[in-house]
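First the proteins, then the strands, lettered A, B, ... as listed; each starts at 1. Side chains included, hydrogens not; waters and symmetry mates left out as well; all remaining heavy atoms used.
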There are 2 protein chains.
Amino acid sequence: MASVKNTQGTKTSQAVVDTAADAVEEFIRRRKKATINDVARLARVSKKTVSRVINNSPSVRNETREQVNDIIARIGFRPDPQARGLAFRRSFLFGLIYDNPNAQYIVNIQSGALDRMRGTGFELVVHPCDKESDDFLEEIREFVELQRLAGVILLPPIAENRALLAVLEDLDVPYVRVTAMHGAENDPPILSPQVVSRDRHGCMLAAEHLLALGHKRIGFVTGPAGYASARERRQGFNEGLSKQGLSIDPALEVEGAYSFESGLEAGLKLLDRPDRPTAIFASNDEMAIGVYRAAFQLGLHIPDDLSVIGFDDTPAAGRVQPPLTTVRLPIRDMGRAAAETLIDPEAERRASTIVSASLTVRDSTGPAETIFKP
Amino acid sequence: MASVKNTQGTKTSQAVVDTAADAVEEFIRRRKKATINDVARLARVSKKTVSRVINNSPSVRNETREQVNDIIARIGFRPDPQARGLAFRRSFLFGLIYDNPNAQYIVNIQSGALDRMRGTGFELVVHPCDKESDDFLEEIREFVELQRLAGVILLPPIAENRALLAVLEDLDVPYVRVTAMHGAENDPPILSPQVVSRDRHGCMLAAEHLLALGHKRIGFVTGPAGYASARERRQGFNEGLSKQGLSIDPALEVEGAYSFESGLEAGLKLLDRPDRPTAIFASNDEMAIGVYRAAFQLGLHIPDDLSVIGFDDTPAAGRVQPPLTTVRLPIRDMGRAAAETLIDPEAERRASTIVSASLTVRDSTGPAETIFKP
DNA sequence: TTTGTTATGGAAACCGGTGTCATAACGCAA
DNA sequence: TTGCGTTATGACACCGGTTTCCATAACAAA
């Protein structure tokens, strides 16, 4: 110590490193997980100073900081998330909470979020739940509280559950909702941070596409009532039709459940009649593929006898025969954006990240009047 | 305290509860997360004794145990996983590590594992990785070590990566591999705990099914070389054929990559020739659906001109036209079993959990000789 | 040189549990 | 009743970080 005091600033640091060099070497040889105490000892500073360096606290001399960082790098120190979490009273875990939408959707969100989280020190805990169960809210409350989550990502449909949002507010945990952008006429809009997709716009494109092909009698398979996405998609499609003075024909509208079976059923209902539509828009791909089955059962050929459009652009959309024209949502990007919102406090303040939908035109849509063609 | 000593055993407990009753009430009113100290204070025992109760340590008087449990229940105490993990030097997190197999597979495993984990206090952290990346092993090592995982679930194909297994052994973390059961002729079998599926048996059933329908010229689309599942499926199919003295015809075998595109390509290669096979087995559904596309492009009708069998029974299998005959694996059950292995030390000792494959017959397979039918 | 601030670093307590070890309480034979 | 081996319990240090509070060093102004 005395010698340290005697030497000048810049030399001090060097001297310390030199003196400690073999200690460091030996430590590395021991090949044990390093702790903050090891760093402090080898860098000849207090734990607190190391802690300051780790947390980018401003009041550390540059010289000291470098010295500490040098040791950290050399012995490969990584602060223990559990210990840090305990002290912070907050873990380094994000929770992904969902109620069983389709697998492809979940995996894409997951993969996007993880992509953004890579290297940040956060990890993702997945937590499916059942919104119909009695202790649904209690169950989530306990999960979030017990794990002291650093953030929560909510997927539809529970992202629209106000009771759940209230619980999260109460727990004071940062959260982000992934959902379809709200139209103007909706009940009090939710203001919490969200990643929203322009479902409405996508469906408008779909409607315009069908209109451009000359379709007039168009069937519409709605998503389940109560889902924001179902409402938005319907509204968007209607808006698209309205540009040519049309609107969704109540006689040609059937509610589905976002499932293949419900799509099949809806398809049969719409197609098994003399004045059947020449095109059907289904509010997601699953149901669109159900409509395919219905068409097949009735001996109708797509796209000659019937045009079909779906929503989601799942991998299956490109694989069915004929490949399905569908509205595409950049789900992975939405996952990425959701993670971004939780990671960057700046982003959280922006509240809404908006992503666009686009139309992927494949072979399931064709002109309405093929019948009259040679 | 003196009064406590003066009263008799049974009364003591009652007295304590009585005395503390209002303290408990008041605590509950404060509505703050309870800690072990609160429990200790209210139950008038030491932290350590509470800890003993939590961990089912045997040396606690029944009376004391009840008293403590009573307080725990009343104030809703749940030990903090972070603090517990820190002290145990092990978290309560399981890691699910995978390298990008298909979404459906991951979600099913995930959902099965989570189903089994519900209520155990463990949570699941998902961690995709890229086995081609340079720091693949280092990346996983750091993840597992830093999070001090309580267990790791490995999915194919990395479940067969011996270097990775060595890392996990070195870290001394419990892990379980999900994989296809090894045939006898394989290189030194891996003995670590695993959940294995009888892919071979499933493929044998597929072969028998085709043989029973009279097929002789059968195409085979292999999975990627190096994948255990690819090897096993091939072997099983071959065994099935061998029962009638046949075997996979090298001229009718094409290697695929478990992807739609590779299935399409393989299908074209196999079908675009005069002596085309009357049936094709694809080593997974994705590729089978690729074969569908190939058949469509060549104007072949399934199942009249060509029978197709896949493997996995993904949701898509039931939705394509015609619905695909395929080998079904209970993926969710495998996820459940994997979690079980990590949760129950007994189960871990059993080393292998075996699950069966079955054949789901749908409409993509038909008799070989339809050509000669009326 | 002395004084008044402001940066910097350290000791000790704390986050909420567990491990070790000593001691108190208990059951039972002598 | 005494003695002794168990069994039950508690005191205290510890896991690996952070925070509070205070002492000191560094530097500008007087």
Judged by modelled atom types alone, do [X] and [Y] share a side-chain donor-acceptor pair under 3.5 Å?
| X | Y | answer |
| --- | --- | --- |
| Asn161(A) | Arg177(A) | no |
| Glu160(A) | Thr179(A) | yes |
| Ser133(A) | Glu139(A) | no |

Item to check | Salt bridge Lys32(A)-Asp38(A), side-chain N to carboxylate O under 4.0 Å | outcome: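 Result for this pair is no, no salt bridge flagged.
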Checklist entry - Could Asp70(A) and Arg74(A) be called an ion pair, given the rule that one side-chain N must be under 4.0 Å from one carboxylate O? => result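 Judged by the 4.0 Å cut-off on N to carboxylate O distance, Asp70(A) and Arg74(A) do form a salt bridge.
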Nearest whole angstrom, please: distance from the [atom2] of [N] to the [atom1] of [X].
| X | N | atom1 | atom2 | result |
| --- | --- | --- | --- | --- |
| Gln82(B) | dT18(D) | CD | P | 13 Å |
| Phe88(A) | dG16(D) | CZ | P | 17 Å |
| Leu86(A) | dC15(C) | CG | C1' | 4 Å |
| Arg41(B) | dT9(D) | CZ | C1' | 19 Å |
| Glu63(A) | dA26(D) | CD | C1' | 13 Å |
| Asn62(B) | dT9(D) | CG | P | 10 Å |

Next on the checklist: By the 4.0 Å heavy-atom rule, please label Asn55(A) as base, sugar-phosphate, or nothing.
Outcome noted: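 Here Asn55(A) touches the backbone only, sparing every base.
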Checklist entry - With sugar-phosphate meaning primed atoms plus P, OP1 and OP2, does Arg148(B) contact a base, only sugar-phosphate, or nothing at under 4.0 Å between heavy atoms? => result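 Result for Arg148(B) = sugar-phosphate.
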Please report, to 0.1 Å, the donor-acceptor pairs under 3.5 Å made by any side chain of residues 107-116 of chain B, with sequence neighbours excluded.
unit_1    : atom_1 : unit_2    : atom_2 : d
Asn108(B) : ND2    : Gln104(B) : O      : 3.3
Gln110(B) : OE1    : Gln110(A) : NE2    : 3.2
Gln110(B) : NE2    : Gln110(A) : OE1    : 3.2
Ser111(B) : OG     : Arg332(B) : NE     : 2.5
Ser111(B) : OG     : Arg332(B) : NH2    : 2.9
Asp115(B) : OD2    : Arg336(B) : NH1    : 2.3
Arg116(B) : NE     : Glu340(B) : OE1    : 2.3
Arg116(B) : NH2    : Glu340(B) : OE1    : 3.0

Checklist entry - Tell me, for nucleotides 9-14 of chain C in 5' to 3' order, what letter each nucleotide earns: B for a base near a protein heavy atom under 4.0 Å, S for only sugar-phosphate near one, - for neither? => result BB----
Next on the checklist: Here's a test of your reading of the structure: between Arg84(A) and Ala83(B), which maps to the more 5' nucleotide of DNA chain D?
Outcome noted: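 The residue closer to the strand's 5' end, by nearest nucleotide, is Ala83(B).
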Got a sec, which residues hit side chain to side chain contact (heavy atoms under 4.5 Å, CB included) with [X], two or more places apart in sequence or on another chain?
| X | answer |
| --- | --- |
| Leu86(A) | Ala83(B), Leu86(B) |
| Val167(A) | Leu137(A), Arg141(A), Leu171(A) |
| Ala150(B) | Arg90(B), Phe94(B), Phe122(B) |

Checklist entry - Between the two end axes of the helix from dT1(C)-dA30(D) to dA30(C)-dT1(D), each built from 5 base pairs, what angle do you get to the nearest 10°? => result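 For the helix from dT1(C)-dA30(D) to dA30(C)-dT1(D), the axes at either end differ by 50°.
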Checklist entry - Distance check: side-chain N/O of Ser51(A) vs OP1/OP2 of dT18(D), anything under 4.0 Å? => result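 Yes.
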